[in-house]
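Order of the sequence lines sets the chain letters (A, B, ...), proteins ahead of strands, with each chain counted from 1.
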Amino acid sequence: MWFNEKPRICLIPLENPPELIRFSILATKFGRILMGMVNAGQHEDAICLIYFVEKSDKETLKELRQRWPKSELLQDDKSVQSVADKLFEDNKENNDVIPIAILGTEFQQSVWAALIGLKSGETCTYSQLAERMGRPNAVRAVANAVAKNEVAILIPCHRIVSQNGATKYHWGSSLKQQLLTFESSLAN
DNA sequence: GAGACCAGCAGGG
DNA sequence: CCCTGCTGGTCTC
(Lines give C-alpha, C1' and ligand atoms only; values in the text may rest on other atoms or scores of the structure.)
Protein backbone atom coordinates (compact mmCIF):
# COMPACT_ATOMS: atom_id res chain seq x y z
CA MET A 1 0.00 0.00 0.00
CA TRP A 2 2.99 2.29 0.22
CA PHE A 3 2.61 2.99 -3.49
CA ASN A 4 -0.96 4.27 -3.15
CA GLU A 5 -1.38 7.68 -4.67
CA LYS A 6 -1.74 9.27 -1.27
CA PRO A 7 -0.37 6.89 1.33
CA ARG A 8 -1.17 8.16 4.80
CA ILE A 9 2.38 8.44 5.98
CA CYS A 10 2.78 9.96 9.41
CA LEU A 11 6.23 11.28 10.28
CA ILE A 12 7.10 11.05 13.95
CA PRO A 13 10.23 13.00 14.92
CA LEU A 14 12.49 11.30 17.45
CA GLU A 15 14.38 13.41 19.96
CA ASN A 16 17.07 10.83 20.59
CA PRO A 17 18.21 7.52 19.13
CA PRO A 18 15.65 4.89 20.09
CA GLU A 19 16.43 2.63 23.05
CA LEU A 20 15.19 -0.46 21.29
CA ILE A 21 14.94 -1.30 17.61
CA ARG A 22 13.09 -4.47 16.62
CA PHE A 23 14.28 -5.68 13.24
CA SER A 24 14.03 -8.44 10.71
CA ILE A 25 15.27 -9.26 7.24
CA LEU A 26 12.53 -10.21 4.84
CA ALA A 27 11.84 -10.77 1.17
CA THR A 28 9.97 -8.32 -1.06
CA LYS A 29 9.41 -8.13 -4.79
CA PHE A 30 12.36 -5.73 -4.95
CA GLY A 31 14.71 -8.02 -3.07
CA ARG A 32 15.58 -8.63 0.53
CA ILE A 33 15.26 -5.73 2.94
CA LEU A 34 16.16 -5.05 6.52
CA MET A 35 13.34 -3.30 8.32
CA GLY A 36 13.40 -1.85 11.84
CA MET A 37 10.63 -0.61 14.08
CA VAL A 38 10.44 1.37 17.32
CA ASN A 39 7.86 2.51 19.81
CA ALA A 40 7.20 6.16 19.04
CA GLY A 41 4.50 8.08 20.80
CA GLN A 42 1.22 6.27 20.35
CA HIS A 43 2.60 4.04 17.63
CA GLU A 44 4.12 0.78 18.78
CA ASP A 45 5.32 -0.21 15.34
CA ALA A 46 6.75 2.94 13.82
CA ILE A 47 9.16 2.11 11.01
CA CYS A 48 12.53 3.72 11.60
CA LEU A 49 14.66 2.13 8.89
CA ILE A 50 14.51 0.17 5.67
CA TYR A 51 17.79 -0.89 4.07
CA PHE A 52 18.18 -3.08 1.03
CA VAL A 53 20.38 -6.14 1.55
CA GLU A 54 23.08 -5.62 -1.06
CA LYS A 55 25.76 -8.16 -0.20
CA SER A 56 24.90 -10.47 2.65
CA ASP A 57 22.62 -10.41 5.66
CA LYS A 58 25.69 -10.28 7.83
CA GLU A 59 27.03 -7.14 6.13
CA THR A 60 23.66 -5.46 6.40
CA LEU A 61 23.41 -6.22 10.10
CA LYS A 62 26.88 -4.78 10.54
CA GLU A 63 25.66 -1.58 8.87
CA LEU A 64 22.72 -1.57 11.24
CA ARG A 65 24.97 -1.78 14.31
CA GLN A 66 27.25 0.93 12.99
CA ARG A 67 24.41 3.29 12.21
CA TRP A 68 22.60 2.79 15.52
CA PRO A 69 25.35 2.13 18.09
CA LYS A 70 23.31 3.45 20.98
CA SER A 71 20.21 1.35 20.41
CA GLU A 72 19.51 -2.15 21.60
CA LEU A 73 18.83 -4.32 18.56
CA LEU A 74 16.39 -7.17 18.88
CA GLN A 75 15.49 -9.56 16.09
CA ASP A 76 11.72 -9.87 15.96
CA ASP A 77 10.75 -11.63 12.76
CA LYS A 78 7.12 -12.12 13.65
CA SER A 79 5.97 -8.58 14.36
CA VAL A 80 8.15 -6.96 11.69
CA GLN A 81 6.89 -9.42 9.11
CA SER A 82 3.28 -8.70 9.94
CA VAL A 83 3.79 -4.95 9.45
CA ALA A 84 5.67 -5.59 6.21
CA ASP A 85 2.91 -7.88 4.94
CA LYS A 86 0.40 -5.04 5.08
CA LEU A 87 2.87 -2.58 3.66
CA PHE A 88 3.77 -4.59 0.58
CA GLU A 89 0.46 -6.24 -0.19
CA ASP A 90 -1.08 -5.36 -3.56
CA ASN A 91 -4.11 -3.78 -2.01
CA LYS A 92 -4.91 -0.22 -2.99
CA GLU A 93 -7.97 -0.25 -0.74
CA ASN A 94 -5.90 -0.54 2.38
CA ASN A 95 -5.08 3.00 3.39
CA ASP A 96 -4.05 2.54 6.98
CA VAL A 97 -1.71 5.08 8.51
CA ILE A 98 1.96 4.24 7.99
CA PRO A 99 3.90 5.62 10.98
CA ILE A 100 7.55 6.43 10.33
CA ALA A 101 9.91 7.44 13.13
CA ILE A 102 12.74 9.69 12.03
CA LEU A 103 15.78 11.19 13.69
CA GLY A 104 17.10 14.39 12.15
CA THR A 105 17.28 18.15 12.26
CA GLU A 106 14.28 20.31 11.47
CA PHE A 107 15.63 21.01 8.02
CA GLN A 108 16.13 17.32 7.26
CA GLN A 109 12.65 16.52 8.45
CA SER A 110 11.17 19.17 6.20
CA VAL A 111 13.04 17.70 3.23
CA TRP A 112 11.72 14.22 3.98
CA ALA A 113 8.23 15.62 4.39
CA ALA A 114 8.54 17.23 0.97
CA LEU A 115 9.63 13.90 -0.54
CA ILE A 116 6.54 12.23 0.82
CA GLY A 117 4.50 14.91 -0.94
CA LEU A 118 5.59 13.50 -4.30
CA LYS A 119 3.09 11.26 -5.98
CA SER A 120 3.84 7.64 -6.69
CA GLY A 121 5.76 7.42 -9.96
CA GLU A 122 6.31 11.17 -10.12
CA THR A 123 9.92 12.32 -10.28
CA CYS A 124 11.50 15.67 -9.67
CA THR A 125 14.96 17.20 -9.54
CA TYR A 126 16.80 18.40 -6.48
CA SER A 127 16.19 22.02 -7.48
CA GLN A 128 12.48 21.44 -7.97
CA LEU A 129 12.30 19.92 -4.51
CA ALA A 130 14.19 22.88 -3.07
CA GLU A 131 11.79 25.28 -4.78
CA ARG A 132 8.80 23.35 -3.52
CA MET A 133 10.17 23.88 -0.02
CA GLY A 134 10.50 27.60 -0.61
CA ARG A 135 14.29 27.36 -0.40
CA PRO A 136 15.37 27.59 -4.04
CA ASN A 137 19.01 28.26 -3.18
CA ALA A 138 19.42 25.41 -0.75
CA VAL A 139 19.76 22.77 -3.46
CA ARG A 140 22.94 21.23 -2.16
CA ALA A 141 21.67 21.17 1.40
CA VAL A 142 18.52 19.46 0.19
CA ALA A 143 20.59 16.84 -1.58
CA ASN A 144 22.56 16.34 1.58
CA ALA A 145 19.39 15.69 3.56
CA VAL A 146 17.93 13.40 0.91
CA ALA A 147 21.07 11.29 1.18
CA LYS A 148 20.63 10.88 4.91
CA ASN A 149 17.27 9.22 4.50
CA GLU A 150 17.12 5.96 6.47
CA VAL A 151 13.78 4.71 5.26
CA ALA A 152 14.13 3.52 1.68
CA ILE A 153 10.97 3.16 -0.41
CA LEU A 154 8.62 4.85 2.11
CA ILE A 155 10.53 8.12 2.04
CA PRO A 156 10.83 8.03 -1.72
CA CYS A 157 14.28 9.35 -2.49
CA HIS A 158 14.19 7.14 -5.59
CA ARG A 159 11.82 9.74 -7.07
CA ILE A 160 14.62 12.30 -7.21
CA VAL A 161 16.55 12.48 -10.45
CA SER A 162 19.36 14.88 -11.12
CA GLN A 163 18.91 17.50 -13.75
CA ASN A 164 21.59 16.15 -16.07
CA GLY A 165 19.75 12.83 -16.29
CA ALA A 166 22.10 10.82 -14.10
CA THR A 167 20.24 8.23 -12.05
CA LYS A 168 22.43 7.74 -9.05
CA TYR A 169 20.91 5.92 -6.12
CA HIS A 170 22.30 4.86 -2.80
CA TRP A 171 21.06 1.33 -3.38
CA GLY A 172 22.04 1.15 -7.04
CA SER A 173 20.55 2.71 -10.12
CA SER A 174 18.93 -0.50 -11.37
CA LEU A 175 16.93 -0.75 -8.16
CA LYS A 176 15.88 2.87 -8.57
CA GLN A 177 14.71 2.11 -12.08
CA GLN A 178 12.76 -0.94 -10.88
CA LEU A 179 10.96 1.09 -8.24
CA LEU A 180 10.03 3.85 -10.69
CA THR A 181 8.93 1.41 -13.37
CA PHE A 182 6.77 -0.40 -10.86
CA GLU A 183 5.19 2.84 -9.66
CA SER A 184 4.41 4.17 -13.09
CA SER A 185 2.93 0.82 -14.12
CA LEU A 186 0.37 1.32 -11.36
CA ALA A 187 -0.59 4.79 -12.49
CA ASN A 188 -3.01 3.48 -15.11
C1' DG B 1 33.79 29.69 14.96
C1' DA B 2 36.59 27.81 11.09
C1' DG B 3 36.95 24.50 7.49
C1' DA B 4 35.75 20.28 5.14
C1' DC B 5 32.28 17.62 3.15
C1' DC B 6 28.26 16.60 -0.23
C1' DA B 7 23.35 11.99 -4.51
C1' DG B 8 23.60 20.05 -7.34
C1' DC B 9 23.80 23.12 -11.04
C1' DA B 10 25.22 26.29 -14.74
C1' DG B 11 28.65 28.14 -17.39
C1' DG B 12 33.07 28.07 -20.01
C1' DG B 13 36.43 25.97 -22.41
C1' DC C 1 34.69 15.75 -21.16
C1' DC C 2 36.89 18.45 -17.20
C1' DC C 3 37.21 22.69 -14.42
C1' DT C 4 35.18 26.63 -11.76
C1' DG C 5 32.20 29.39 -8.91
C1' DC C 6 28.23 29.57 -6.32
C1' DT C 7 25.41 27.58 -2.82
C1' DG C 8 23.71 25.98 2.34
C1' DG C 9 23.23 22.48 6.22
C1' DT C 10 25.91 19.40 8.96
C1' DC C 11 29.93 17.45 11.10
C1' DT C 12 34.47 17.67 13.26
C1' DC C 13 37.58 19.74 15.39
Between CH2 of A:Trp112 and P of B:dA7 the distance, given in whole Å, is 15 Å

For B:dC6, the nucleotide meeting Watson-Crick or G-U wobble distances (both under 3.5 Å) is C:dG8

- Do A:Cys157 and A:Trp112 come close enough that some side-chain heavy atom pair is under 4.5 Å? no

Looking for any heavy atom pair under 4.0 Å, which part of the strands does A:Phe107 touch: base, sugar-phosphate only, or nothing? sugar-phosphate

* To do: Describe the nucleic acid contact of A:Ala147 in one word from base, sugar-phosphate, nothing, applying a heavy-atom distance below 4.0 Å.
  => base

query = Looking across every strand, which nucleic acid part, if any, lies under 4.0 Å from A:Asn144 by heavy atom: base, sugar-phosphate, or nothing?
reply = base

Looking only at B:dC6, B:dA7, B:dA10, the nucleotide nearest the A:Tyr169 side chain is B:dA7

In whole angstroms, the gap separating P of C:dG5 from CZ of A:Arg140 amounts to 13 Å

Separation between the P atoms of B:dA7 and C:dC6, rounded to whole Å: 22 Å

Review point. So, is A:Ser162 near the phosphate of B:dG8, with a side-chain N or O under 4.0 Å from OP1 or OP2?
Key: no

Notebook entry, point to check: Is A:Arg159 salt-bridged to A:Glu183, cutoff N-O under 4.0 Å?
Noted result: yes

I'd like to know if A:Tyr126 reaches the base of B:dA7 with its side chain such that a donor and an acceptor end up less than 3.5 angstrom apart.
yes

To the nearest angstrom, the CG-C1' distance between A:Leu115 and B:dA7 comes to 12 Å

Atom CD of A:Gln163 and atom P of B:dA7 are separated, to the nearest Å, by 18 Å

message: Is the shortest side-chain heavy-atom distance between A:Ile102 and A:Ile155 below 4.5 Å?
response: yes

(Q) Using OP1 and OP2 only, check whether a side-chain N or O of A:Gln108 sits under 4.0 Å from C:dG9. (A) no

Between NZ of A:Lys176 and C1' of B:dA7 the distance, given in whole Å, is 8 Å

- Query: Under 3.5 Å, is there a donor-acceptor pair between the A:His158 and A:Gln177 side chains?
  - Reply: no

Self-check item: Heavy-atom neighbours of A:Glu59 CD exceed 12 at 6.0 Å
Solution: yes

Check: A:Asp76/A:Ser79 side-chain N/O donor and acceptor closer than 3.5 Å = yes

Practice problem: Give the intermediate values and the outcome of side-chain hydrogen bond (donor to acceptor under 3.5 Å, both in side chains) for residues A:Gln75 and A:Asp77. | Solution: CA-CA 6 Å; A:Gln75 184 159 1; A:Asp77 295 334; 3.1 Å; yes

Sorted by number, residues from residues 148-157 of chain A placing a heavy atom under 4.0 Å from DNA chain C are none

In whole angstroms, the gap separating C1' of B:dC9 from CD of A:Glu131 amounts to 12 Å

Whole-Å distance, A:Leu129 CG to B:dC6 P, equals 21 Å

